[in-house]
Each structure stands twice: as C-alpha cells, then as structure tokens.
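Quick note on labels: first sequence line is chain A, next is B, and so on, each numbered from 1.
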Amino acid sequence: MIEEILLKALKAIGIEADYVEVVVPKHESLGDVSTPAAMLYAKKLKKNPSVIADSIITAINAPDVFDTIEKAGAGFINFRFKLSYLYGQLLKLYTEGSGYLRPNIGKGQKIQIEFVSANPTGPLHLGHGRGAALGAAVANLLSAAGYCVEREFYVNDAGRQVRLLGESVFARYKEITGTPYNFPEDGYRGDYVDELARDTHAAYGDKFSQSEFAVASEFFIAYAYKQMLEEIKNDLADFGVEFDRWQSEKELFTDGTITKTIEKFRDKGLIYEQDMDNICEKNRKYGNFKESIIEKGVAVWFKATELGDEKDRVLMKSDGQYTYFASDIAYHVLKLNRGFDGLINVWGADHHGYIPRIRAVIKAAGHDENKLTVLLVQMVMLLRGGVPVQMSKRAGEYVTLRDVVKEVGKDITRFIFLTRRPDSQLEFDMEAVKQDSPDNPVYYIQYAYARINSVFEKAEKRQISLSFDNTTDLSGLSSPEELSLIKKLIFYPAAFQTAVRTRQPHMITFYLQELAGLFHPFYYKHRILDEEAQLTRARLMLCACVKIVIGEGLSILGVSAPDKM
RNA sequence: GCCCUCUUAGCUCAGUAGGAUAGAGCACAUGAUUCCUAAUCAUGGGGCCACAGGUUCAAAUCCUGUAGAGGGCACCA
C-alpha cells in the first residue's frame, strides 16, 4: 500500500522502479515508516539526495494516508500516518480477514515442495523434524500466498539402503530361528530392527528359516521398509505434517521412467559411454580416487559439465546397475513434466554439493534452472543440559523425533525449528527448552491468543457484541500502546510478503513475537471491559484483530492457537 | 588439495533488496497483582557484529584475504 504510493510518486518524477524500500524506523520518534529512496537514486540522477527527497515529497499524493511527511538525516523521507488511515486499515483487516492478510502473490502458480524424504530404514530423527517443520511451514506460507502447492515425500524404496534394512531384519530373524546368518557389515542395528524380526517370526514362524537371503530378500525388504514407512507416516502425522503425494523411487524403475529419461537425454547428445581407464586418470587428479571400488567395464555418463556442474556424472555403473543419480534425474524430470512452475527441495545441508548436478538436469530437460529452489537445512545438535547427546546411527542409538516430541511437545519443537534460519546450525537443548517452558516464546504468543479469548468469553457473558463494522467508533484508540499495536497489525502483510519472497517462515515467527510483545503491555496497562461502552468496543475490536493475526501466523507455522491455557 | 555454509551481548538467536544511535529472548539485578489469565508488566547493566584490507555518500550486510566451526568432493546411497 505504502509501496504503491511511493512507486507512483517516483514515476511522477521520472523514475521507473518495481520496488522501493519501505522500512519501519528503528526509533519511533523518527516516524511510522520511512524510505531511503532519495539516497538510492541520488547517484543515478546525479542530484543531491535532499533535492530528490523534496521532489518525491511533492509528488506524493496521498492526503488521506499521511499526516506528516518529513525529510530527515542524510536523505530519508519519514512518514506519519493519519489516525483515520490507521483506523480504516484496522477495519479492513477485521472485515476482509485473509483477503487482507494474504496478498495474492502466487496467482495460482503451481509449486511442488518435496521434503523430509527420509530413507524408510529407521525412525525419523530430529534433523528430519527440522526439515519437516520447515517444509510444512513453507508449504503453508506459499499456499496462503495464492500458490497452488503440492507436498511430496520421495520414498527411497529402491536400492542399497532398503536392501540393507531387509537383510538386517533377515539376519535377526535367522537368529531367532536358530539358523545363524552373518549380520551385514553396514547393517541397521536399532531395536526397531529386532522388533521387525520378531514380528516377522510371530506372523510367519519358521517359514524362512532355511531360506537364503537371495530367495527371501524380496519379502524381507518389502516387509521391512513398508513397516518403517508406516512408522514414518505416523510420526509425521503426530508432528502435524501431512503430504499430498508419496512418490516411490522403485516405481521409476519399473514403469520405465528412468530408461525413457536417459534415452531422451541421449537424443540431446548429453549421454556417452566410457570405460574406466580414462576415468582413472581423471579421478587421480582429485586425489580421492579409490581404485578398489571400481570394476572394469563401460559405464554410462551424463554430460553434467556442459550444464554447469564440475564433473560429469555416472548414470549406469559398469556392472549394469543404475546409480542413485539416475533415479534422481528421472524423478526431477518427472516433476517438471507434471507441469509445476516451480520446484522446492528441502535438503539436509550435507547434500549441498548435489545442487549443481540437479540444476544441470533441469537445464538438460529444457527448463529454466531457476525453477528449482533448494532450501538447505543445517544439522541439529541435540543437547541435554548443555551436554551433547551421543548418537550413533550405526549402532542404532539415537534420539528420535518421536522421543523429542513426546518429551517437549509438538508446538515447542516446531516453534524452535522455525525460530532459526534454516541454514544455520541449531542447538536443541532438551533441558533448557523444558526448563524455560513457562517463559517459552511459544507460550508468550499463545498466551496472548488465549488471553484475548478469555476476555471475549467475559464480554459475551456481559452481552457485549463482538461483531464490528464501519460504524464501530475507534477514535478511543489513542494511547501509544494501542497505536503501536495497530501499526504492527497492519504491517503483517508486508512481513508476510518478505517471508514468501525469501521462502523463510521464521520471519513470521519473529513478527508474532513482536506482536505479542506489544499486546501484553497493552493488556497490562489498559482495561478492556470496564471502560465506557464505546472504548470497550474499540478495544475489543483491536483484540479481535490481534487474535486474527496471531491465529493466521501460528497456522502458517503449524503451531496450535489454544483458546485456554 | 579443491569447493560450499557459518562466526553478532555471558547463553540461544534475529537483523534476507547496503541506510539513521546494533535488536529480542534467556540468565542476572530491582520493582509491580484488592482489577478482564502474573505463562504478564516496568526499570537496569551488558557489543572491536571473528580478524585485516577494499568498494560506497553510507557496510553486521557486498568483494578479497586470514583464523576458527560444520559440511561436501566415488562407476556410494
């Protein structure tokens, strides 16, 4: 709104721009909003910022909006709103609700967001939880912004990892039946593996006791990963995270998507065969070549270097097996072919080296590489009272997402993940989180919501109407606390837009903390119900708006908004 | 060896289109409730924005280098 007024003014003095910076000054004494636009264009126009500021000010035509417009500092233009404008906006927020709070940025564009996508070889850990919280929040955010969002979980149900899981369960099963079997070297050792083996034995008895793994593998692999997948689905559901689609990797093999994709790339001249002798030389230069792993033969390669990656990548090994990357190519091309305008992948930061090759794939498929956004999620350090919790995935000893949610709760867990930038490492101290629990920022926000609700209940008992319209007289809202609250509220759409543009929901989190931080002092200093009727009604409407905005923000974060606490 | 990310108050972290005097929570200290929920409020101390250069009217923010932390560099998944 303010931005549009300024853009119009800029245009009037001959500056074409599609963005102008509008900020809330650090000190309220400077103004309600401010723009450094004049300084920005000073160089371009070769004029003094002060002169430009003057001409912008004269060009601004918004007598209903601003009370004062002042030039200040090195060329800032500071604005102060008219009370009538603030009241008008508040009424708009109240009557339009999400129409006001959710500017339509996406305009129906189709976005697909793939997240979590954990191997179905064990329970989710806390890192997955961070990815889940972020992915779900970004999906909510974009969906609120008018994008058509699909949430997908890519199931790695093919390949070595699920095979290892199956074999691990098989080995434990054999143990139970008294026919020892060498436990696979990199096998999964968690309690859940033993449990799966016991379940199998309970259901099928000694049926497989004499089988070789080669014979029984299909059953054990499918049985084990399907059970794990169910568990993952349950964990996610309990964490409040839902998906629209579960894409099986295995299906990409069986329905021919992979071979078709590779042939398409071959037609474009992006595929070649090469035997390993050439590669040995190349790889030696990197100094990380492990000869022992490689077998003699011809492999199928993707010319990733032509599309910006630093190395070409193998799609089919010389032993005839597809690499993981082959199915990943097929998967991303499939996603693009399904007609999305944008793809978002939420990945663990340890996969960042993977980005260039996937971008190469997108270019190879004839799409703009910017269609892909990768959100990297850094690791979570789990602490207990300042001491790192030792985890060994190998030994199957680690604290699961389920454990943490059970101990500290879903709302706190999700909120903490969304209070940090995704790409910074996060310390999650279970003791600290619980100890602080009464003072936890989540509760601070939720409490504001619950308090309002409680006032509303009292109001209803006293037969005070809780519906408001343009006849509601807001002129009683004049204290600093009230005006700050109104300004904060009507800035929600701006905060929302930044969060959408950067795909970073933590901006909503911080906004909510600030909003609650204005509400509580207001509540403390001013009575709502025992005032003269008109003022009570005005304050109730202000509270209604706070409630609407907090409810809106929390729903994007996936945190509950309780009526009572 | 090469590449990526991070380093802001005692602690955990914001500061994301370079803007005015550097922000919050926790912790610490002092105080507030006959009244709509004290899971609240008020006041206070606390900083070489890792370090060194550079670009700019303006740098925590952009560029280069150094140090520290994490991660990545297979015909692994």
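Across rC26(B) and rA9(B), the matching C1' atoms stand 12 Å from one another, rounded to whole Å. Taking the P atoms as reference points, rG47(B) lies 12 Å from rA22(B), given to the whole Å. Taking the P atom of each, rA17(B) and rA74(B) are spaced 36 Å apart, rounded to whole Å. To the nearest whole angstrom, the two C1' atoms, one in rA69(B) and one in rU8(B), are 16 Å apart. rC57(B) and rG65(B): their P atoms are spaced 24 Å apart (whole Å). Of the P atoms belonging to rG25(B) and rG45(B), the separation is 14 Å, rounded to the nearest Å. Distance noted for atom C1' between rU61(B) and rA50(B): 16 Å (whole Å). Nucleotides rA14(B) and rA24(B) have their P atoms positioned 16 Å apart, rounded to a whole Å.
A side-chain donor-acceptor contact under 3.5 Å links K547(A) and N453(A). Looking only at atom types and distance, the side chain of H526(A) has no donor-acceptor partner in the side chain of E482(A) under 3.5 Å away.
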Without placing hydrogens or testing angles, list every side-chain donor-acceptor pair under 3.5 Å for residues 158-167 of chain A, not counting sequence neighbours.
| residue | atom | partner | partner atom | Å |
| --- | --- | --- | --- | --- |
| R160(A) | NH2 | D186(A) | OD2 | 3.2 |
| Q161(A) | OE1 | Y188(A) | OH | 2.6 |
| E167(A) | OE2 | Y181(A) | OH | 2.8 |

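The nearest heavy atom of RNA chain B to Y19(A) and to S454(A) marks one nucleotide each, and the one closer to the 5' end goes with Y19(A). When each of D423(A) and Q513(A) is assigned the nucleotide of RNA chain B with its nearest heavy atom, D423(A) is the one assigned upstream, toward the 5' end.
Checking rC36(B), rA22(B), rU5(B) against the side-chain heavy atoms of Q378(A) singles out rU5(B) as nearest. Considering only the side chain of H27(A), rG23(B) comes nearest among rC36(B), rU5(B), rG23(B). Closest to the side chain of T323(A), out of rG70(B), rA77(B), rC6(B), is rA77(B). Residue R160(A) places its side chain closer to rC76(B) than to any other of rC76(B), rC36(B), rC57(B). Closest to the side chain of H506(A), from the set rG15(B), rC57(B), rU21(B), is rG15(B). Comparing rG71(B), rA77(B), rU16(B) against the side chain of Y354(A) picks out rA77(B) as the nearest. Here the side chain of K317(A) is nearest to one of rA17(B), rC76(B), rC13(B), namely rC76(B). Proximity note for L30(A) (side chain, C-beta onward) versus rU16(B), rG71(B), rA20(B): the nearest is rA20(B). Here the nucleotide nearest the side chain of Q161(A), chosen from rG70(B), rA77(B), rG72(B), is rA77(B).
Note on D54(A) versus K47(A): no salt bridge recorded, every NZ/NE/NH1/NH2 to OD/OE distance being 4.0 Å or above.
Residue S424(A) has a polar side-chain atom (N or O) positioned under 4.0 Å from OP1 or OP2 of rA14(B). Taking side-chain N and O atoms only, K26(A) has a distance below 4.0 Å to OP1 or OP2 of rA20(B). Residue R421(A) places at least one side-chain N or O under 4.0 Å from the OP1 or OP2 atom of rG15(B). OP1 or OP2 of rA74(B) has at least one side-chain nitrogen or oxygen of K311(A) nearer than 4.0 Å.
Results of the side chain to side chain contact (heavy atoms under 4.5 Å, CB included) test with V346(A) over L376(A), V377(A), T373(A), V374(A) single out V377(A) as the only residue that passes.
In this structure, Q446(A) and V559(A) have side chains that are in contact, with non-hydrogen atoms separated by less than 4.5 Å. Residues L252(A) and T261(A) form no side-chain contact, since every pair of their non-hydrogen atoms from C-beta on lies 4.5 Å or further apart.
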Exercise for the section: Begin from the C-alpha positions of E3(A) and Y19(A) and carry the test side-chain contact (heavy atoms from CB on, under 4.5 Å) through to its verdict. Expected result: CA-CA 8 Å; E3(A) 200 182 315; Y19(A) 168 77; 4.2 Å; yes
Handout entry: Derivation and outcome, salt bridge (charged side-chain N to carboxylate O under 4.0 Å, His left out), residues D530(A) and K458(A)
Key = CA-CA 11 Å; D530(A) 302 320; K458(A) 282 243 159 57; over 6 Å; no
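Contacts classified as side chain to side chain donor-acceptor pair (under 3.5 Å) and involving residues 414-423 of chain A (residues at least two apart or in different chains) are given here: R421(A)-D423(A).
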Exercise for the section: Any chance you could list the contact pattern along nucleotides 39-45 of chain B? Use B for base contacts, S for sugar-phosphate-only contacts and - for none, protein heavy atoms under 4.0 Å, 5' to 3'. Expected result: BBSS---
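Within the 4.0 angstrom heavy-atom criterion, base atoms lie near Y324(A). Counting non-hydrogen atoms under 4.0 angstrom, A349(A) reaches the backbone sugars and phosphates but no base. Within 4.0 Å of A459(A), counting heavy atoms only, lies no atom of the nucleic acid at all. Among the atoms of the strands shown, base atoms are found under 4.0 Å from some heavy atom of N78(A).
rG71(B) atom P lies 11 Å from atom NE2 of H352(A), rounded to whole Å.
In this pair, Y492(A) and Y511(A) present their aromatic rings perpendicular. The plane angle is above 60°, beyond the 30 to 60° band. Between H351(A) and W347(A), the ring planes lie tilted relative to each other; the angle falls in the 30° to 60° range.
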Exercise for the section: Convert the base pairs of RNA chain B into dot-bracket notation, remembering that pairs crossing earlier ones are written with [ ] and that bases paired across to another strand are shown as |; include only Watson-Crick or G-U pairs under 3.5 Å. Expected result: (((((((..((((.....[...)))).(((((.......))))).....(((((..]....))))))))))))....
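Sorted by residue number, the list of members of residues 537-548 of chain A with any non-hydrogen atom under 4.0 Å from RNA chain B is empty.
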Interface polar pairs with nucleotides 10-12 of chain B, N/O, under 3.5 angstrom:
| residue | atom | partner | partner atom | Å |
| --- | --- | --- | --- | --- |
| rU12(B) | OP1 | E427(A) | OE2 | 3.4 |
| rU12(B) | O2' | R420(A) | NH2 | 2.1 |

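Between the base of rA20(B) and the side chain of S34(A) there is a donor-acceptor pair shorter than 3.5 Å.
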